[in-house]
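Here is the structure we will look at.
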Amino acid sequence: AAGGTAVLGLGQVAKLRWQYECPGEPVGQRHGNAGAAFQGKPLKLLFVGDSIAVGVGAKVAAPLQAACATRLASLQRRPVEWRTIAANGADVRELNELLEPGSNG
């Protein structure tokens, strides 16, 4: 019985790999400003990541970053400038390349 379950599981994995389509990247900006009502030198926040940082599965790009920047501005009572460098499915090596000076990340 256990062997049959393993074969069934492998069949499901193979089907998923063959038919899976990754959700598209959401529309919107991957950078922004928060806390415009506050005075002072803006805090700068950089987010680096993969599909989570891109916002795959969300209705708009970078919802976590925007919320984080808004909360940070509120807590620090200072403006916040934020930016995201991310790529869907990126590994550490690929993210490192995006961070290189002169890249288009």
Side-chain angles (χ1 to χ4, degrees):
T5 304
V7 171
L8 179 61
L10 286 175
Q12 290 174 337
V13 168
K15 181 179 179 183
L16 181 61
R17 285 185 183 234
W18 182 260
Q19 294 180 342
Y20 179 76
E21 290 184 32
C22 184
E25 293 185 12
V27 297
Q29 298 294 320
R30 292 188 195 173
H31 61 275
N33 299 296
F38 299 120
Q39 300 294 316
K41 185 177 179 183
L43 299 170
K44 295 192 178 199
L45 198 52
L46 175 64
F47 297 91
V48 179
D50 59 5
S51 58
I52 292 174
V54 169
V56 170
K59 293 180 181 178
V60 295
L64 297 173
Q65 295 90 314
C68 181
T70 299
R71 180 71 175 142
L72 181 61
S74 177
L75 289 171
Q76 295 296 312
R77 305 197 59 72
R78 287 177 56 188
V80 174
E81 296 175 1
W82 62 273
R83 181 178 148 187
T84 302
I85 296 176
N88 193 11
D91 61 21
V92 172
R93 181 181 30 82
E94 292 164 331
L95 291 172
N96 210 14
E97 290 172 7
L98 289 175
L99 291 169
E100 292 291 321
S103 74
N104 293 327

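Quantities reported herein were computed from a predicted structural model and do not represent experimental measurements. We're numbering straight along the sequence, starting at 1.
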Where is the tightest heavy-atom contact between Ala73 and Gly35, given as atom of each residue plus distance? CB-CA, 3.8 Å
Would you give the length of the straight line joining atom CG of Leu46 to atom CD1 of Ile85, rounded to the nearest 0.5 angstrom? 5.0 Å
Give a yes or no on whether the backbone of Asp91 and the side-chain of Glu94 come within a donor-acceptor separation of less than 3.5 Å. yes
side-chain hydrogen bond (donor to acceptor under 3.5 Å, both in side chains) contacts touching residues 29-43 (sequence neighbours left out): Glu25-Arg30, Gln29-His31
Other than Trp82, which residues form its hydrophobic cluster under the rule that side-chain heavy atoms must be closer than 4.5 Å? Leu43, Leu45, Phe47, Leu72, Val80
Say whether Ile52 and Val54 are linked into one hydrophobic cluster, either directly or through other cluster members, by side-chain heavy-atom distances under 4.5 angstrom. no
With sequence neighbours left out, which residue pairs that include part of residues 51-77 fulfil the side-chain hydrogen bond (donor to acceptor under 3.5 Å, both in side chains) condition? Gln65-Thr84
Where at least one partner belongs to residues 43-55, residue pairs that pass salt bridge (Lys or Arg N to Asp or Glu O under 4.0 Å), sequence neighbours excluded: Lys44-Glu81
Taking all heavy atoms of Pro63 and all of Ala58, pick out the closest pair and write down the distance. CG-CB, 3.8 Å
